[in-house]
Amino acid sequence: MPEIPGEAAGPGEWTTIDGVCYRSVVLCFLFRPSRRVGPERGAALPDVQGGSGPRPPGTREVLLGLKLTGFGTGRVVALGGKIDGTETALAAAVREVHEESGVHLEPEALHDAGRIAWSFPARPDWNMVAFLFSADAGNADPHTSEEIEPRWYAVDGIPWPEMWKDAPHWLPALLAGRRVDAHIVMSGDNENVASAVVG
């Protein structure tokens with residue numbers, strides 16, 4: 001993936017890659033060991049679980065959420081959103097996680113997990129570059145906000161049909177703890193993937 005000018009100083013609201021403008025956003029993935037004791041699936045908070053069947057203690061879970069408003073409404077997505085003004089990607093990740101789930105993270109708790117650029121040739125105003133972060137959720141107790149209904153999912157029980165269709169191209173690497181650098185080009189229908197380069 002091409003280098004992003006000025007990334008070290010903070011990406012700002014817009015990023016230019018190879019002469020094309022992308023909206024700068026952040027995505028943050030919180031992980032915890034499983035607390036699941038029964039076979040229930042997908043209940044709303046506070047007993048939020050995804051996947052099917054009981055999970056043994058220590059199985060890793062990731063916090064995703066049902067998008068209730070805005071871009072991606074009705075899909076299961078990662079916590080995150082737009083970088084505002086001159087804030088850094090790290091500051092935006094801390095802010096977005098708190099706004100969407102009520103979980104407060106210290107900046108030093110977040111780890112750089114990579115970067116993804118999405119190109120929407122049929123809707124260039126949707127072009128985005130996401131700065132990815134991961135963190136240990138500890139004993140965090142997320143709650144539903146106006147934007148997101150948070151849900152814990154086993155890393156081997158991700159609800160792929162409920163997510164954007166590009167997610168299977170890059171999310172498994174992130175869930176396995178690998179850094180992701182990807183460029184996804186969406187099809188003209190803005191739903192399917194035309195091409196995916198993932199490193």
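For the single chain, residues carry numbers from 1 onward in sequence order.
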Asker: Quick one: does Trp160's side chain get under 4.5 Å of Pro172's, heavy atoms only?
Answerer: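 A side-chain contact exists here, since the closest heavy-atom pair is under 4.5 Å.
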Asker: Donor-acceptor pair, distance only, cut-off 3.5 Å: does the side chain of Asn192 make one with the backbone of Ser187?
Answerer: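 Not at all, since once roles are kept as given, no pair shorter than 3.5 Å links the two residues.
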Asker: Find the distance between CG (Leu64) and CZ (Arg151) and round it off to the nearest 0.5 Å.
Answerer: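 Going from CG on Leu64 over to CZ on Arg151, the span is 10.0 Å.
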Asker: Between Leu175 and Ile158, is there a side-chain heavy-atom distance shorter than 4.5 Å?
Answerer: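 With C-beta onward as the side chain, the pair touches.
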Asker: Within the 4.5 Å heavy-atom criterion, are Met163 and Leu171 side-chain neighbours or not?
Answerer: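 A side-chain contact under 4.5 Å exists here.
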Asker: Decide, yes or no, whether a salt bridge links Asp136 with Arg32 under the criterion of side-chain N to carboxylate O below 4.0 Å.
Answerer: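 No, this pair does not count.
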Asker: Using a 4.5 Å cut-off on heavy atoms from C-beta on, say whether the side chain of Arg115 contacts that of Val180.
Answerer: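 No, too far: nothing below the 4.5 Å cut-off.
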Asker: So Trp118 and Asp166, side-chain hydrogen bond (donor to acceptor under 3.5 Å, both in side chains) or not? Walk me through it.
Answerer: CA-CA 9 Å; Trp118 286 275; Asp166 64 277; 3.0 Å; yes
Asker: According to a hydrophobic-cluster definition based on side-chain heavy atoms being under 4.5 Å apart (Ile, Leu, Val, Met, Phe, Trp, Tyr only), do Val185 and Val25 belong together?
Answerer: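 Val185 and Val25: separate clusters.
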Asker: Is the backbone N or O of His98 less than 3.5 Å from a side-chain atom of Ser101, with the two atoms forming a donor-acceptor pair by type?
Answerer: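 No; zero donor-acceptor contacts below 3.5 Å.
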Asker: Rounded at 0.5 Å granularity, tell me how far OH in Tyr22 sits from CG in Asp125.
Answerer: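 Result: 13.0 Å between the selected atoms.
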Asker: For Leu63 and Tyr153: C-alpha separation, side-chain torsions, deciding distance, then whether side-chain contact (heavy atoms from CB on, under 4.5 Å) applies.
Answerer: CA-CA 6 Å; Leu63 185 64; Tyr153 291 92; over 6 Å; no
Asker: Does any non-hydrogen side-chain atom of Ile184 lie less than 4.5 Å from one of Val193?
Answerer: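 A side-chain contact under 4.5 Å exists here.
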Asker: Return the CD1 to CZ distance between Ile116 and Phe131, rounded to the nearest 0.5 Å.
Answerer: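 Spacing of CD1 (Ile116) from CZ (Phe131) equals 11.5 Å.
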Asker: Answer yes if the side chains of Ser119 and His183 hold a donor-acceptor pair under 3.5 Å, and no otherwise.
Answerer: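 Result is yes, a qualifying pair exists.
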Asker: Please list all pairs passing the salt bridge (Lys or Arg N to Asp or Glu O under 4.0 Å) test where one or both residues lie in residues 98-108, with sequence neighbours left out.
Answerer: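 Checked against salt bridge (Lys or Arg N to Asp or Glu O under 4.0 Å) - neighbours excluded - the pairs reaching residues 98-108 are Arg95-Glu99.
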Asker: What distance do Trp170 atom CH2 and Arg178 atom CZ have between them, rounded to the nearest 0.5 Å?
Answerer: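 Nearest 0.5 Å value for the CH2-CZ distance: 13.0 Å.
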Asker: Are Asn190 and Trp126 close enough that a side-chain donor and a side-chain acceptor fall under 3.5 Å?
Answerer: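 No, no side-chain donor-acceptor pair sits under 3.5 Å.
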Asker: Side chains of Phe133 and Val26: does their closest heavy-atom pair fall under 4.5 Å?
Answerer: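 In contact.
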Asker: Relative to each other, are the rings of Trp164 and Phe71 parallel, tilted or perpendicular (30° and 60° limits)?
Answerer: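 Aromatic pair Trp164/Phe71 classed parallel.
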Asker: Report yes or no: do Leu68 and Val103 belong to one cluster of Ile/Leu/Val/Met/Phe/Trp/Tyr joined by side chain heavy-atom distances under 4.5 Å?
Answerer: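 Per the 4.5 Å side-chain linkage, Leu68 and Val103 are not co-clustered.
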Asker: Hey, any chance Val129 and Trp14 share a hydrophobic cluster, counting ILVMFWY side chains that come within less than 4.5 Å of each other, even indirectly?
Answerer: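 Unlinked, Val129 and Trp14 end up in two clusters.
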Asker: Main chain of Glu13, side chain of Arg23: is a donor-acceptor contact present, judged purely on distance under 3.5 Å?
Answerer: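 Looks like yes, one N/O pair under 3.5 Å.
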Asker: Distance from Ser134 atom OG to Leu30 atom CG, nearest 0.5 Å?
Answerer: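 It is 9.0 Å, given to the nearest 0.5 Å.
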Asker: Could you give all pairs that pass the salt bridge (Lys or Arg N to Asp or Glu O under 4.0 Å) test and reach residues 67-77, with sequence neighbours left out?
Answerer: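 As it turns out, the salt bridge (Lys or Arg N to Asp or Glu O under 4.0 Å) pairs with a partner in residues 67-77, which skip direct neighbours, are Lys67-Glu147, Arg75-Glu191.
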Asker: Under a 4.0 Å threshold between the charged nitrogen and the carboxylate oxygen, would Arg179 count as salt-bridged to Asp181?
Answerer: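 Salt bridge: yes.
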Asker: Would a hydrophobic clustering, with Ile, Leu, Val, Met, Phe, Trp and Tyr connected at side-chain separations under 4.5 Å, put Ile148 with Leu66?
Answerer: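 No: no chain of side-chain contacts under 4.5 Å links Ile148 to Leu66.
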Asker: Do the side chains of Leu110 and Leu90 get nearer than 4.5 Å, heavy atoms only?
Answerer: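 Yes. Closest side-chain heavy atoms under 4.5 Å.
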Asker: Can you tell me if Thr16 uses its side chain to pair, donor with acceptor, with the backbone of Cys21 under 3.5 Å?
Answerer: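 Between the backbone of Cys21 and the side chain of Thr16 there is no qualifying donor-acceptor contact (under 3.5 Å).
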Asker: Please round to the nearest 0.5 Å and tell me the distance separating atom CG of Leu79 and atom CZ of Phe29.
Answerer: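 So the CG of Leu79 and the CZ of Phe29 are separated by 8.5 Å.
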